[in-house]
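In the text below, chain A, chain B and the rest are named by the order of the sequence lines, each starting its count at 1.
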There are 2 protein chains.
Amino acid sequence: MRISELSRSSGVPVPTIKYYLREGLLPSGERTGRNQAAYGGEHLRRLKLVRALVDVGGLSIAAVGDVIDVLEASDVVTHQVLGVVQRSMGSDDPPEADRAAQDEVRDFLARRGWETMADDPAARSLAGVVATARKLGHHRFAAQLDAYAEASVGIARQDLDYVLLHSEVDDVLESMVIATVLGDAALVALRKLAQRDASARLLGEE
Amino acid sequence: MRISELSRSSGVPVPTIKYYLREGLLPSGERTGRNQAAYGGEHLRRLKLVRALVDVGGLSIAAVGDVIDVLEASDVVTHQVLGVVQRSMGSDDPPEADRAAQDEVRDFLARRGWETMADDPAARSLAGVVATARKLGHHRFAAQLDAYAEASVGIARQDLDYVLLHSEVDDVLESMVIATVLGDAALVALRKLAQRDASARLLGEE
DNA sequence: CCATTCTGGATAGTGACACTTTCTACTATC
DNA sequence: GATAGTAGAAAGTGTCACTATCCAGAATGG
């Protein structure tokens, strides 16, 4: 497969593929001459993954690069990939949390038995969210966290089941990346639909 | 309050405040002279809201403008604000869904009794997610939707409760905006924490 | 054989975005 | 009366994700 066919079957313009090659998001094709190279199914597959991460996951090109690096490192454990993917998906630098917000999040983590995750980036961005809520006068927002967490636990169990179910079929690591990124997008969309449904029922249509 | 004090108490640089004024994100202060204006608490409050939408919600300046416009329109109903906020938060243009993905989402909506929301942007982006999953070889991803939806319904109920609870205290519309945007960020962070917890339990630490 | 199309690789340019900088002509304050 | 601050306008900046242009050489169709 030459680059034009790769472009045709992926829908990604040739110059963009070249750009991804330059950025190390795609391995270079097998050289068959001074200015000729052949690409295979793995390239197509990788290209689709990159586009999914960018288009659906909203990852920057640099973040996709980090994910790819982890996928290609051979000595990486499943549990670690999750961390890298999650970090790549996180916001660049969450607003800093003041003491009160940090305390609320610390208490919350303690209630759930999640104390060990206090310095996880996700916990920090959670503290940032709570701090922002407080600055906006929404001091009771933190009380929502328990309900959100309850739902999240159910979702996470689903996520794990899904990944483990696919562990024979495919590359587990890639499945984990895909499930994490697509799951996020799906969940956000579904929350919107559920909100609109609830809102329509309680507050009346339009 | 002059602009420098507004800057100091919000942490937003003066030139940025001027930029927001130009973009209509902030109403102009009350003129007290040819080149002097006074800003009040409502300006500070608005400024904090703008920063929350940008920093936590990841909204573009244009999207924040749309939200502000709706908040300032007096004849708007609660249920409509939700739609505008949700649209402002959505990705610009989700990947197009092929027939198979559309069918799966249609079936899913029918199972939930959500047929009426088939042309909601959130439903479209959901179809885009499913289509992307299929392109990546994850045909069973759509089966996850029911579990996600179940969790989303619980979350949405929480969200509504929260907004209605605050309907006396504050501006309901603003509460809705804040709860929707911050809730999204909180939920995404919590899913990560829950995933890491589940992953640590099932797959072993580190 | 030869005109046209395509190739990998390098370099430079583009458009959107969210600010920043700089400017001018004033005004407030010490 | 020197210094700092102000509104408003215009131009500039840095980042990002491409996109365009070149080039020498290779593939392909007639």
Side-chain angles (χ1 to χ4, degrees), chain A residues 1-40 43-44 46-47 49-68 88-89 91-93 95, chain B residues 1-40 43-44 47 49-68 88-93 95:
Chain A
M1 196 182 345
R2 282 169 306 175
I3 202 171
S4 59
E5 194 184 337
L6 186 59
S7 168
R8 231 174 302 115
S9 48
S10 67
V12 179
V14 172
T16 304
I17 295 175
K18 287 185 176 182
Y19 168 62
Y20 290 165
L21 285 165
R22 278 200 303 282
E23 298 296 313
L25 268 42
L26 218 53
S28 30
E30 198 187 341
R31 293 291 290 272
T32 63
R34 178 171 291 281
N35 69 344
Q36 225 71 20
Y39 304 89
H43 291 93
L44 182 54
R46 167 66 60 81
L47 194 47
L49 178 63
V50 169
R51 292 312 289 219
L53 261 34
V54 168
D55 292 341
V56 178
L59 302 218
S60 69
I61 294 299
V64 173
D66 293 344
V67 173
I68 296 290
S88 304
M89 294 173 60
S91 60
D92 338 313
D93 35 60
Chain B
M1 196 183 346
R2 281 169 305 174
I3 201 170
S4 60
E5 193 183 339
L6 185 60
S7 169
R8 231 174 302 115
S9 49
S10 68
V12 179
V14 171
T16 304
I17 295 176
K18 286 186 176 184
Y19 168 62
Y20 289 165
L21 285 164
R22 280 201 301 281
E23 297 297 311
L25 269 41
L26 219 51
S28 30
E30 199 187 341
R31 292 291 290 271
T32 62
R34 178 171 290 282
N35 69 344
Q36 226 71 19
Y39 303 89
H43 292 93
L44 182 54
L47 194 47
L49 178 65
V50 169
R51 292 311 289 218
L53 262 33
V54 168
D55 292 341
V56 178
L59 269 64
S60 69
I61 294 299
V64 173
D66 293 345
V67 173
I68 296 291
S88 304
M89 294 174 60
S91 59
D92 339 312
D93 35 60

Atom [atom1] of [X] and atom [atom2] of [N]: how far apart are they, to the nearest Å?
{"X": "A:I17", "N": "C:dG9", "atom1": "CD1", "atom2": "C1'", "answer": "15 Å"}
{"X": "B:L25", "N": "C:dC17", "atom1": "CG", "atom2": "C1'", "answer": "14 Å"}
{"X": "B:E23", "N": "D:dA10", "atom1": "CD", "atom2": "P", "answer": "14 Å"}
{"X": "A:K18", "N": "D:dA20", "atom1": "NZ", "atom2": "C1'", "answer": "11 Å"}
{"X": "A:R31", "N": "D:dA27", "atom1": "CZ", "atom2": "C1'", "answer": "16 Å"}
{"X": "A:M1", "N": "C:dT7", "atom1": "CE", "atom2": "P", "answer": "12 Å"}
{"X": "B:H43", "N": "D:dA7", "atom1": "NE2", "atom2": "P", "answer": "11 Å"}
{"X": "A:Y39", "N": "C:dC6", "atom1": "OH", "atom2": "P", "answer": "16 Å"}

Looking at [atom1] of [X] and [atom2] of [Y], how far apart are the two atoms once the value is rounded to the nearest 0.5 Å?
{"X": "B:L49", "Y": "B:I68", "atom1": "CG", "atom2": "CD1", "value": "5.0 Å"}
{"X": "B:I3", "Y": "B:K18", "atom1": "CD1", "atom2": "NZ", "value": "6.0 Å"}
{"X": "B:H43", "Y": "B:S28", "atom1": "NE2", "atom2": "OG", "value": "7.0 Å"}
{"X": "A:Y39", "Y": "A:S7", "atom1": "OH", "atom2": "OG", "value": "11.5 Å"}
{"X": "A:L47", "Y": "A:I17", "atom1": "CG", "atom2": "CD1", "value": "5.0 Å"}
{"X": "A:L44", "Y": "A:L26", "atom1": "CG", "atom2": "CG", "value": "9.5 Å"}

Nucleotide of C:dC6, D:dA7, C:dG8 approaching A:S4 most closely (side-chain heavy atoms)
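Closest of the options to the side chain of A:S4: C:dC6.
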Answer whether the closest heavy-atom distance between the side chains of B:V64 and B:Y20 falls below 4.5 Å.
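No, every pair of side-chain atoms sits at 4.5 Å or beyond.
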Detail all sub-3.5 Å separations between protein N/O atoms and N/O atoms belonging to nucleotides 18-21 of chain C.
from	atom 1	to	atom 2	distance (Å)
C:dA18	OP1	B:I61	N	3.3
C:dC19	OP2	B:Y20	OH	3.1
C:dT20	OP2	B:T16	OG1	3.1
C:dT20	O4	B:R22	NH2	3.1

For A:T32 and B:L21, take the nucleotide of DNA chain D holding the closest heavy atom to each; which residue's nucleotide lies nearer the 5' end?
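Nearest-nucleotide comparison on DNA chain D picks B:L21.
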Please compare A:E5 and B:Q36 by the position of their nearest nucleotide in DNA chain C and report the one closer to 5'.
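Its nearest nucleotide lies further toward 5', so the answer is A:E5.
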Taking only side-chain N and O atoms of B:R34, does any of them lie within less than 4.0 angstrom of OP1 or OP2 on C:dT24?
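No, B:R34 has no side-chain N/O under 4.0 Å of OP1/OP2 on C:dT24.
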Less than 3.5 Å between a donor and an acceptor, one on the side chain of A:N35 and one on the base of C:dG8, is that the case here?
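Per atom types, no contact qualifies.
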